[in-house]
Amino acid sequence: TNDFVFALALQGNVVYVGGWFTSVRDWVLRPGLAAIDELTGRVTDWDPHPDDYVTSLLVHDGKIYVGGYFSSVGGQPRSYVAALDPVSGHATPWNPNANGSVLAMAPMGDAVIAVGMFRHIGGQVRTGVAAIDTTTGLATFWNPSAGGGGDCYAIATSDSSIYIGGDYLTMGGQPRGSIAAVDPGTGAATSWNPATDGLVDAIALLDGTIYIGGFFHNVG
């Protein structure tokens with residue numbers, strides 16, 4: 001690439017790459033989104049061609065979910081988030097129509113959780129975080145609602161909690177400093193509260209430990 005890669009996702013032997021670039025290997029034109037054969041390193045014919053850059057990717061239930069700053073992708077108008085066919089690259093009918101960027105996604109049952117800088121998505125008011133039905137594209141009742149800034153940048157899931165990182169002061173109805181765990185059923189904040197003095201934009205789970213990164217100096 002000639003600029004920045006912000007997101008990667010793997011399906012079979014294909015690596016999906018999202019970011020802020022105009023071309024990939026051997027100057028193959030692929031603005032913002034490309035698929036690369038994992039074995040050969042060659043760029044595939046898959047070309048959804050977003051009109052702005054991509055910041056998040058999720059392979060789920062036979063679709064490639066993309067989030068970012070675009071207003072069209074896969075040959076259709078799609079505001080900030082879309083689901084793409086993994087073969088044709090065309091946008092599916094799924095269309096939550098966010099009013100701000102989607103920066104990370106994760107699966108949750110029959111929904112996809114989106115986090116970002118939006119205030120409306122899936123036909124409902126949702127501040128920074130929402131669960132979107134994978135069939136209808138509508139927001140579910142689940143609504144942790146980030147407050148005091150309300151922007152969310154990262155998400156990770158376990159069976160018992162949804163971890164959300166961002167730049168906010170409240171989450172799930174409780175004071176939380178930019179990192180919180182919320183109940184996957186109710187959206188209410190759990191008692192887990194390390195609190196940071198700055199934003200969190202990366203989360204990973206491994207063997208019962210939660211790793212976070214971001215622009216903070218103090219945590220826990």
Side-chain angles (χ1 to χ4, degrees), residues 6-21 24 29-37 43-145 151-155 157 162 164 184-185 187:
F6 295 133
L8 296 168
L10 179 66
Q11 182 184 53
N13 291 326
V14 177
V15 179
Y16 295 93
V17 182
W20 186 10
F21 50 80
V24 288
L29 183 64
R30 290 290 185 273
L33 191 56
I36 299 173
D37 188 292
V43 182
T44 75
D45 293 334
W46 193 77
D47 185 17
H49 223 85
D51 65 350
D52 210 331
Y53 61 99
V54 169
T55 53
S56 58
L57 288 167
L58 172 66
V59 174
H60 178 59
D61 197 27
K63 301 179 184 67
I64 313 301
Y65 291 89
V66 297
Y69 288 80
F70 50 81
S71 59
S72 70
V73 65
Q76 297 295 327
R78 292 291 184 269
S79 296
Y80 304 104
V81 63
L84 305 176
D85 186 286
V87 176
S88 69
H90 296 158
T92 74
W94 190 80
N95 185 17
N97 195 30
N99 73 341
S101 56
V102 171
L103 303 179
M105 294 177 286
M108 184 176 74
D110 294 328
V112 168
I113 303 175
V115 301
M117 303 176 75
F118 50 82
R119 300 295 180 266
H120 193 278
I121 190 171
Q124 298 293 329
V125 174
R126 293 289 185 268
T127 307
V129 56
I132 310 299
D133 188 288
T134 54
T135 300
T136 66
L138 300 177
T140 73
F141 71 91
W142 190 81
N143 184 19
S145 190
D151 294 333
C152 298
Y153 300 102
I155 185 168
T157 65
I162 309 296
I164 301 167

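Computed from a prediction, not measured in an experiment: that's the story for all the values here.
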**Q** Is there a side-chain contact between Val102 and Ser56 (heavy atoms, below 4.5 Å)?
**A** yes

**Q** For the pair Arg126 (side chain) and Thr140 (backbone), establish whether a donor and an acceptor sit closer than 3.5 Å, ignoring hydrogens and angles.
**A** yes

**Q** Is any side-chain heavy atom of Val15 less than 4.5 Å from a side-chain heavy atom of Asp37?
**A** no

**Q** For residues Trp20 and Tyr69, establish whether the separation of their ring centroids is below 6.0 Å.
**A** no

**Q** Do Thr135 and Asp110 have side chains that approach each other closer than 4.5 Å (heavy atoms only, starting at C-beta)?
**A** no

**Q** Before we go on, tell me: are the rings of Phe6 and Tyr53 under 6.0 Å apart, centre to centre?
**A** yes

**Q** To the closest 0.5 Å, what do you measure between OG (Ser71) and CZ (Arg78)?
**A** 11.5 Å

**Q** Measure the CG-NE2 distance between Leu58 and His60 for me, rounded to the nearest 0.5 Å.
**A** 6.5 Å

**Q** Would you name the heavy atoms of Val129 and Asn143 that are closest together and state the gap between them?
**A** O-OD1, 4.4 Å

**Q** Please work out whether the ring planes of Trp46 and Tyr16 are parallel, tilted or perpendicular, with thresholds of 30° and 60°.
**A** perpendicular

**Q** So which heavy atom on Ala104 is nearest to which on Ala154, and how close?
**A** CB-CA, 4.1 Å

**Q** At what distance, to the nearest 0.5 angstrom, does CG of Asn97 lie from OG of Ser79?
**A** 4.5 Å

**Q** Evaluate His49 against Val73 for side-chain contact (heavy atoms from CB on, under 4.5 Å), listing each step before the verdict.
**A** CA-CA 6 Å; His49 223 85; Val73 65; over 6 Å; no

**Q** Do Ile132 and Leu138 touch side chain to side chain, with heavy atoms closer than 4.5 Å?
**A** no

**Q** Looking at side-chain heavy atoms only, is the closest gap between Met117 and Leu103 below 4.5 Å?
**A** yes

**Q** Can you name the nearest heavy-atom pair linking Ala83 to Lys63, along with the distance?
**A** CB-CD, 4.1 Å

**Q** For Ala106 and Ile155, which heavy atoms make the closest approach, and how far apart are they?
**A** CB-CG2, 3.9 Å

**Q** Going by heavy atoms in the side chains, are Val66 and Leu84 under 4.5 Å from each other?
**A** yes

**Q** Check for a donor-acceptor pair, side chain of Arg30 on one end and backbone N or O of Thr44 on the other, with a separation under 3.5 Å.
**A** yes

**Q** Does Thr127 use its side chain to pair, donor to acceptor, with the backbone of Ser145 at less than 3.5 Å?
**A** no

**Q** Under the criterion side-chain contact (heavy atoms from CB on, under 4.5 Å), I'd like the reasoning laid out for Ile121 against Tyr80: C-alpha separation, chi angles, the key distance, then a yes or no.
**A** CA-CA 10 Å; Ile121 190 171; Tyr80 304 104; over 6 Å; no

**Q** So does Asp151 pair up with Arg119, basic N to acidic O under 4.0 Å?
**A** yes

**Q** Which heavy atom in Tyr153 sits nearest to a heavy atom in Val115, and how many Å separate them?
**A** C-CG2, 4.1 Å

**Q** Looking only at heavy atoms, what is the nearest atom pair of Leu33 and Gly18, with distance?
**A** CD1-CA, 4.1 Å

**Q** Just wondering, do Pro107 and Val112 contact through their side chains at under 4.5 Å, heavy atoms?
**A** no

**Q** Under the criterion side-chain contact (heavy atoms from CB on, under 4.5 Å), I'd like the reasoning laid out for Trp94 against Val81: C-alpha separation, chi angles, the key distance, then a yes or no.
**A** CA-CA 9 Å; Trp94 190 80; Val81 63; 4.0 Å; yes

**Q** How many angstroms lie between atom CD of Gln76 and atom CG of Asn95, to the nearest 0.5 angstrom?
**A** 9.0 Å

**Q** Within a reach of under 6.0 Å around CG of Asn99, are more than 12 heavy atoms found that belong to other residues, nucleotides or ligands?
**A** yes

**Q** Starting at CG of Leu29, measure out to CG of Asp47 and round the result to the nearest 0.5 Å.
**A** 7.0 Å

**Q** Please evaluate residues Thr157 and Met108 with respect to the criterion side-chain contact (heavy atoms from CB on, under 4.5 Å), reporting the C-alpha separation (whole Å), side-chain torsions for both, the decisive distance (0.1 Å), and the verdict.
**A** CA-CA 8 Å; Thr157 65; Met108 184 176 74; 5.7 Å; no

**Q** Side chains of Gln11 and Ile64, heavy atoms from C-beta outward: is any pair under 4.5 Å?
**A** yes

**Q** Counting only N and O atoms by type, is there a donor-acceptor contact under 3.5 Å from the side chain of Asp133 to the main-chain atoms of Ala111?
**A** no

